[in-house]
Every structure is written in C-alpha cells, then in structure tokens.
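A, B, ... follow the sequence lines: proteins, then strands. Residue 1 opens every chain.
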Amino acid sequence: MPELPEVETIRRALEPLVLDESFIAIRLVDPAISRGDRERLQTGPIGRRITGVLRRGKHLVFALEGGKGLAVHLRMTGSLLLREPDAGSRVRAVLVLSNGVHLYFNDVRRLGTLEFLDDVEALFGRLGPEPLSDEFTVDLLHAQLSRHRIPVKAALLDQQIVAGVGNMYADEALFLARIHPMTPARNLDISPVTSLWKALRQVLTDAIASKGASVSTYALPNGEHGTAHFGFNVAHKKGEPCPSCGTTLQRMMVRKRGSYYCPACQPPSGDNTGG
DNA sequence: CCCGGAACCTGAAGGC
DNA sequence: TGCCTTCAGGTTCCGG
C-alpha cells in the first residue's frame with residue numbers, strides 16, 4: 001500500500017529518468033483509470049517538457065511546463081514499472097517518454113488514477129501539511145488535531161490534517177508515541193502531540209531510507225522491493241509479542257480500519273474505549 | 001461543521 | 001471440494 005515513503009521512493013527513482021524529457025503518448029489500456037476528461041489526459045501532457053517529479057502526500061506528479069502536470073495516485077495496489085510484468089500483469093496505462101522510457105501503470109484493483117492537471121497547485125492546495133517539511137511544526141500538528149474530536153488514528157489518515165500518512169505508518173507512529181488509536185484527537189495535549197510529531201517524522205524518514213514497505217504489491221519501478229516492513233513494531237503483527245514490553249499485540253477496528261497496537265504501551269486514556 | 005458509513009475494486013482468506 | 005461471504009484500505013460521496 002503506497003503511502004508517503006513508498007511514493008517518495010518511486011519519485012526519487014523516476015525523476016532522473018524523465019527530467020527534461022516529455023511524454024509522447026499516454027496509452028489508456030483501461031480507460032477507467034482516467035480521472036477527469038479522458039481526451040485531455042491523452043493529449044494535454046504530450047510534448048510538454050517535464051520540469052520535475054513531485055510528491056505531495058501520496059500523489060505523484062510529473063510537473064510539466066506552464067504549471068501543468070500529470071498526476072498519478074496508486075491507491076492500494078498500483079505500481080509504476082519500467083518493464084511490463086510478465087506474470088499477473090494488470091497494466092491499466094502506459095506512459096511513453098521521448099527518450100524511449102516506458103512506464104507501465106500496473107494495478108490489480110483498478111482503484112488507482114491518472115489525471116491531467118491544468119494547475120498543479122490546485123491539487124496541492126487541497127492537502128494538509130507535509131509531515132517532513134519545515135512547515136510541519138509541533139504547534140501546527142497540535143492545531144490541526146485540536147479541531148477534531150475524531151479518533152487520533154482517523155485524524156492521521158485524513159489527508160487534509162496531515163498529508164501522506166496511511167494505515168501502516170499511522171499505527172507505527174501511534175505505537176512509538178504510546179498513544180491509543182481511539183484517543184479523541186482534540187484531547188491530546190502538547191506533550192503527547194510532541195511525541196506523535198517526533199514519531200511521525202521518524203517512522204516516515206526511516207521508511208524512506210528503507211525504500212518503503214513491500215507488504216502488498218508495492219515495488220520500485222525497477223521491480224525491487226522495499227524493506228521498511230521488516231522494521232515494523234506493530235503493523236500487521238496481531239498476536240505477536242510487543243517488541244517493547246512483550247504483551248501480545250492486538251488489532252481493533254477504528255472507523256472500519258484495522259488498527260494494530262500494544263494494549264500495555266498504548267493504554268486507553270479516559271473515555272476513548274467506546275469503539 | 002462534524003462525523004459515520006457506503007461505495008469503488010478484486011484477489012485472498014475464511015466459513016460452512 | 002466448492003460455493004459463498006468477508007476483508008483489505010485510499011479516497012470520495014452521501015446522509016444524519
């Protein structure tokens with residue numbers, strides 16, 4: 001499941017391959033992948049110089065001349081590959097570049113999207129702060145969380161509160177910060193928010209260094225797998241002992257999302273056990 | 001505004 | 001063995 005570290009890893013891998021090149025064809029194998037107008041998606045990006053590959057939250061954007069862009073969202077099972085996978089291929093689109101590079105948008109579940117952006121900044125403006133940016137301070141996180149009474153786990157998944165955090169890294173960050181996932185976001189004082197801020201930055205930075213977590217279909221463009229999941233403390237580890245205290249890790253549903261946590265290290269605080 | 005829940009999608013896993 | 005149901009989760013939309 002590509003989250004911020006996975007998308008950032010893909011961005012870093014692709015940028016040197018496409019910088020200053022241009023798209024010469026956008027082939028829609030499965031037209032349903034298109035978000036917005038299909039005609040524009042196939043014609044808009046053609047011939048425009050690629051000025052960079054950007055990431056904002058979980059969005060990957062090929063920045064094009066004139067403030068325009070080609071946006072990719074991999075959702076659950078999408079990947080951008082330099083070679084078409086021979087087995088189990090579910091190629092939904094092929095991006096052909098002026099230097100001969102082909103990018104195969106592979107996606108079993110068909111939830112991923114491809115969109116031509118007239119204004120890249122408009123997309124970016126709809127998202128919350130980047131957790132690894134200088135702008136993202138403890139005070140900003142505290143301010144964002146204080147506006148919501150929803151469970152902190154749900155708040156971390158809200159892309160308008162913090163951009164780029166998904167289910168795995170939310171669980172990992174809450175574990176490091178020793179915060180129960182059901183704790184109402186606005187109940188968190190500056191002290192636990194400081195712990196959460198540090199945990200988010202550490203978890204995301206470490207995962208990027210490990211080239212992302214290959215727990216599902218995630219792979220780098222060259223087919224390589226990331227190793228961040230080997231460093232997970234709680235995510236997808238129900239029934240295993242907590243690496244900190246040995247207590248059996250548990251899984252609970254928070255807003256329909258599976259949430260892994262240590263009941264001893266992350267005890268409920270106050271009235272947050274309701275479900 | 002705030003929040004919960006359904007829908008989208010398909011392969012894997014579990015129940016009977 | 002096989003059919004059926006549920007689950008996984010990022011995002012968007014709808015309803016209370």
*Asks:* Is the distance from OP1 or OP2 of dG10(C) to the nearest side-chain N or O of Gln159(A) less than 4.0 Å?
*Replies:*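 Checking Gln159(A) against dG10(C): no side-chain N or O falls below 4.0 Å of OP1 or OP2.
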*Asks:* OP1 or OP2 of dG9(C) less than 4.0 angstrom from a side-chain nitrogen or oxygen of His73(A), does that happen here?
*Replies:*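 Looking at the OP1 and OP2 atoms of dG9(C), neither is under 4.0 Å from any side-chain N or O of His73(A).
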*Asks:* Quickly work out the Tyr260(A) OH to dC7(C) P distance and round it to whole Å.
*Replies:*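 In whole Å, dC7(C) P and Tyr260(A) OH are 13 Å from each other.
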*Asks:* If you compare all heavy atoms of Ala228(A) against all heavy atoms of Ala213(A), which two are closest, and at what distance to 0.1 Å?
*Replies:*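 Scanning both residues, the minimum pair turns out to be CB-N, 3.7 Å.
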*Asks:* What is the distance, rounded to the nearest whole Å, between atom CD of Gln160(A) and atom P of dG10(C)?
*Replies:*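 Spelled out: CD on Gln160(A) to P on dG10(C) is 16 Å.
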*Asks:* Please write out the pairs of protein N or O atoms and N or O atoms of nucleotides 12-16 of chain C separated by less than 3.5 Å, giving the distance to one decimal.
*Replies:*
residue	atom	partner	partner atom	Å
dT12(C)	OP1	Arg35(A)	NH2	3.2

*Asks:* Could you check how far CG of Leu156(A) sits from C1' of dG9(C), rounded to whole Å?
*Replies:*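 Interatomic distance, CG of Leu156(A) to C1' of dG9(C): 16 Å.
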*Asks:* For the residue pair Phe232(A) and Tyr169(A), categorise the inter-ring angle as parallel (less than 30°), tilted (30 to 60°) or perpendicular (more than 60°).
*Replies:*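 Plane angle over 60°, so perpendicular.
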*Asks:* Taking only Lys NZ, Arg NE, NH1 and NH2, and the carboxylate oxygens of Asp or Glu, determine whether Arg49(A) and Asp20(A) approach each other closer than 4.0 Å.
*Replies:*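 Looking at Asp20(A) together with Arg49(A), the answer is yes, because their closest N to O distance falls below 4.0 Å.
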*Asks:* What I want to check is whether an N or O donor and acceptor connect the side chain of Arg92(A) with the base of dT10(B) at under 3.5 Å.
*Replies:*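 For Arg92(A), whose side chain was compared with the base of dT10(B), there is no donor-acceptor pair (under 3.5 Å).
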*Asks:* How long is the span from the CD atom in Glu115(A) to the CD1 atom in Ile33(A), to the nearest 0.5 Å?
*Replies:*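 Separation between the atoms: 12.0 Å.
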*Asks:* Any idea which of dG9(C), dC2(B), dT10(B) is nearest the Arg149(A) side chain?
*Replies:*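 Of all the options, the side chain of Arg149(A) is nearest to dC2(B).
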*Asks:* Rounded to whole Å, how long is the line connecting atom CG of Asp158(A) with atom C1' of dC3(B)?
*Replies:*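 Computing the Asp158(A):CG to dC3(B):C1' distance gives 11 Å.
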*Asks:* Pick base, sugar-phosphate or nothing for Ile150(A), based on heavy-atom distances below 4.0 Å to the nucleic acid.
*Replies:*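 Result for Ile150(A) = sugar-phosphate.
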*Asks:* Less than 4.5 Å apart, any side-chain heavy atom of Glu172(A) and any of Tyr260(A)?
*Replies:*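 Not touching, per the 4.5 Å side-chain cut-off.
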*Asks:* Could you give the CE-to-C1' distance, from Met76(A) to dA12(B), as a whole number of Å?
*Replies:*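 Between C1' of dA12(B) and CE of Met76(A): 13 Å.
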*Asks:* Testing the 3.5 Å rule here: is there a donor-acceptor pair between the side chains of Ser259(A) and Lys153(A)?
*Replies:*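 The answer is yes; a qualifying pair exists.
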*Asks:* If only side-chain N and O atoms of Arg90(A) are considered, is one of them under 4.0 Å from the OP1 or OP2 phosphate oxygen of dG11(B)?
*Replies:*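 Yes, because at least one side-chain N or O of Arg90(A) sits under 4.0 Å from OP1 or OP2 of dG11(B).
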*Asks:* Closer to the 5' end of DNA chain B via nearest nucleotide, is it Pro151(A) or Arg257(A)?
*Replies:*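 Upstream on the strand: Pro151(A).
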*Asks:* Does Arg110(A) contact dC9(B) through a side-chain donor or acceptor facing the base, at a distance under 3.5 Å?
*Replies:*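 A donor-acceptor contact between them is absent.
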*Asks:* Hey, does the side chain of Glu6(A) reach the backbone of Glu3(A) with a donor-acceptor pair shorter than 3.5 angstrom?
*Replies:*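 Checked: pair present.
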*Asks:* When the distance from CD of Glu3(A) to P of dG9(C) is rounded to whole Å, what number comes out?
*Replies:*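 Distance check: Glu3(A) CD to dG9(C) P gives 10 Å.
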*Asks:* Whole Å only: how far is the CD atom of Glu6(A) from the P atom of dG9(C)?
*Replies:*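 Atom CD in Glu6(A) sits about 13 Å away from atom P in dG9(C).
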*Asks:* Does His148(A) put a side-chain nitrogen or oxygen below 4.0 Å from OP1 or OP2 of dC3(B)?
*Replies:*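 Affirmative; the distance criterion is met.
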*Asks:* Rounded at 0.5 Å granularity, tell me how far NZ in Lys238(A) sits from CG in Leu249(A).
*Replies:*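 Separation between the atoms: 11.5 Å.
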*Asks:* Can you tell me if Lys256(A) touches the phosphate of dG9(C), counting only side-chain N or O atoms and a distance under 4.0 Å to OP1 or OP2?
*Replies:*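 No.
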*Asks:* If I take atom CG in residue Leu60(A) and atom P in nucleotide dG10(C), what distance separates them, rounded to the nearest angstrom?
*Replies:*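 Atom-to-atom, Leu60(A) to dG10(C), this comes out as 17 Å.
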